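Just so you know, these numbers come straight off a predicted model, no measurement behind them. Each residue takes its place number in the sequence, starting with 1.
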Amino acid sequence: MSTVSFCVLTCLVFVFTYVNGFHDGCNVVATLIASRAMKPHPALAWAAVVEFLSPLAILVVGASVSGTIQKLVGESFYTAPGTQSTALAFITAGILAAIAWNLTTWKFGIPASSSHSLIGGVVGAGLAAFGTGAIAWSYFWGRVVLMIFLTPAVSFCLGFLILKLLLRLTRHAGVGVNKFFTYAQWVNMTFLAFNHSFNDSQKSIGIILILIGIYGGDVSGIPLWSILCAAACLACGIAFGGFKIIKTVGTGIYKVQPIHSFASQLTAGSVILASSLLGAPVSASQIVSSSIMGVGAAEHYKSVHWLVAKRILLSWFITIPIAGALGALLYLLFSLIF
């Protein structure tokens, strides 16, 4: 197994990271742009700076999310003697399945989850390559599937409650309060972007650790270059922005004003931060979209575009199965090649 092939596969991981940046990362600025608190290009540029710096926190806080990704498929299965070709086919299929589903949903402006695309692709390819015994089902059900249902529900309820509280606190406020929320969003967007990048960068790092394991390297520590590359790719991805998804999230669910954007950003950033501390690879798309639904429902339930919300909800439930099926099919193809 050559250094060249390792470099090629590593680059493929960072292609996914870049796609993740403009697919999921744009969610962090969607409401900021929709509420006219900042123009699109400055918002994306500032978010890109924050998203580049955030993964460096891994050096201090640790990377429990990357550990979850790394452990989804048992290490002994892809590092056993004589399994290198199978392992190569497995990881290549998993990454490409995630990229393919991300690009498909981006094409149609659907804020599906890059995280779930990656998890689905890797688990599907792992099942095809090594069988059901290779999958760490406790991690899969406890930190992935449970969070698919739990984080949107928490985001919806928390967004609902935060906006109700803000509306009550500002019911006698003058027009100046709108200006306060316009500028306060900048702080909240920084908070959201930081937590998004901290969680999402670790998913790519987890795949890098799997690659290092396949090539017989030491996976006891996280290489600094993997953190810096993941950070740079996320930042570049968000700098170019997925405007179709920004439009869907920012204006397609609810017509947000500065106070709604403030509440949504605070909600989403808090939920992602809590999930990261628990080691859960969550979906920023899910969490941001759910928080907007909750915020909209708190003020005008009937004004929420529930048909758009229904389409988004559907994408959440089908992403892992479809990415998993793609991963399995691609594995069967690559197993013939490798």
Side-chain angles (χ1 to χ4, degrees), residues 6 8-20 23-24 63-80 83-105 112-148 199-215 219 226 230 233 279-283 316 318-335 338:
F6 175 80
V8 169
L9 287 172
T10 299
C11 289
L12 191 61
V13 175
F14 292 127
V15 168
F16 164 80
T17 312
Y18 172 81
V19 173
N20 183 8
H23 187 282
D24 278 20
S64 56
V65 175
S66 64
T68 298
I69 297 295
Q70 183 188 2
K71 293 172 184 174
L72 281 173
V73 177
E75 184 180 350
S76 61
F77 288 88
Y78 57 78
T79 59
T83 62
Q84 288 90 348
S85 295
T86 301
L88 267 181
F90 144 68
I91 199 63
T92 306
I95 299 167
L96 285 178
I99 294 172
W101 182 243
N102 267 1
L103 291 175
T104 301
T105 51
S113 168
S114 295
S115 307
H116 296 157
S117 298
L118 182 63
I119 291 167
V122 169
V123 170
L127 281 170
F130 308 113
T132 58
I135 309 302
W137 294 110
S138 60
Y139 278 90
F140 180 74
W141 294 113
R143 297 193 183 183
V144 178
V145 176
L146 176 63
M147 289 298 182
I148 291 177
N199 192 281
D200 273 28
S201 62
Q202 293 188 56
K203 296 156 192 172
S204 298
I205 292 168
I207 300 299
I208 293 295
L209 291 175
I210 292 176
L211 269 177
I212 292 172
I214 291 172
Y215 281 83
V219 295
S226 68
C233 290
V282 294
S283 166
W316 297 346
I318 66 174
T319 290
I320 287 182
I322 290 180
L326 279 173
L329 289 172
L330 286 171
Y331 166 75
L332 294 176
L333 173 63
F334 292 141
S335 63
F338 289 125

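- Of all heavy-atom pairs between Gly213 and Val219, the closest is N-CG1, 3.6 Å.
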*Show your working on side-chain contact (heavy atoms from CB on, under 4.5 Å) between Ser114 and Phe16 and close with a plain yes or no.*
CA-CA 9 Å; Ser114 295; Phe16 164 80; 4.3 Å; yes
*asked:* Go through it in stages, so that I can follow the logic: the residues are Leu96 and Tyr331, the test is side-chain contact (heavy atoms from CB on, under 4.5 Å), and I'd like the CA-CA distance, side-chain angles, deciding distance and then a yes or no.
replied: CA-CA 10 Å; Leu96 285 178; Tyr331 166 75; over 6 Å; no
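- A 4.5 Å side-chain heavy-atom check between Asp200 and Ser115 finds at least one atom pair inside the cut-off.
- A search for side chain to side chain contact (heavy atoms under 4.5 Å, CB included) contacts involving Thr104 returns Trp101, Phe108, not counting sequence neighbours.
- Once rounded to the nearest 0.5 Å, the distance linking NZ of Lys203 with CD1 of Ile205 reads 11.5 Å.
- A donor-acceptor pair under 3.5 Å is absent between the side-chain atoms of Thr92 and the main chain of Ala89, judged by distance alone.
- Residues that satisfy the side chain to side chain contact (heavy atoms under 4.5 Å, CB included) test with Leu146, not counting sequence neighbours, are absent from this structure.
- Remark: the backbone N or O of Leu209 is not paired with any side-chain donor or acceptor of Gln70 at under 3.5 angstrom.
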*asked:* Show, in sequence, the C-alpha distance, side-chain angles and deciding distance for Thr319 and Thr105, and conclude whether the side-chain contact (heavy atoms from CB on, under 4.5 Å) test is met.
replied: CA-CA 9 Å; Thr319 290; Thr105 51; 5.5 Å; no
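- At a threshold of 4.5 Å between non-hydrogen side-chain atoms, the residues Ile91 and Ile214 count as touching.
- Applying the side-chain hydrogen bond (donor to acceptor under 3.5 Å, both in side chains) criterion to Ser66, with sequence neighbours excluded, gives no partner residue.
- When the side-chain hydrogen bond (donor to acceptor under 3.5 Å, both in side chains) test is applied to Ser204, the partners found at least two apart in sequence or on another chain are Thr17.
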Validation: residues 116-145 side-chain donor-acceptor distances under 3.5 Å, sequence neighbours left out:
from   : atom 1 : to     : atom 2 : distance (Å)
His116 : ND1    : Ser113 : OG     : 3.4
Ser117 : OG     : Asn102 : OD1    : 3.2
Ser117 : OG     : Ser113 : O      : 2.9
Trp137 : NE1    : Thr132 : O      : 3.1
Arg143 : NH1    : Thr68  : OG1    : 2.8

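- With sequence neighbours left out, Phe77 forms a ring pair (Phe, Tyr, Trp, His ring centres under 6.0 Å) with no residue at all.
- Residue Ile95 holds its CD1 atom at 5.0 Å from CG of Leu12, rounded to the nearest 0.5 Å.
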*asked:* For Ile210 and Val73: C-alpha separation, side-chain torsions, deciding distance, then whether side-chain contact (heavy atoms from CB on, under 4.5 Å) applies.
replied: CA-CA 9 Å; Ile210 292 176; Val73 177; 5.7 Å; no
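- A pairwise comparison of heavy atoms in Asn199 and Ala280 identifies ND2-O, 3.1 Å as the closest pair.
- Looking at heavy atoms from C-beta onward, Leu88 lies in side-chain contact with Tyr215 at the 4.5 angstrom threshold.
- Checked options Ile212, Leu9, Ile69; the residue passing with Ile207 is Ile69 (criterion: side-chain contact (heavy atoms from CB on, under 4.5 Å)).
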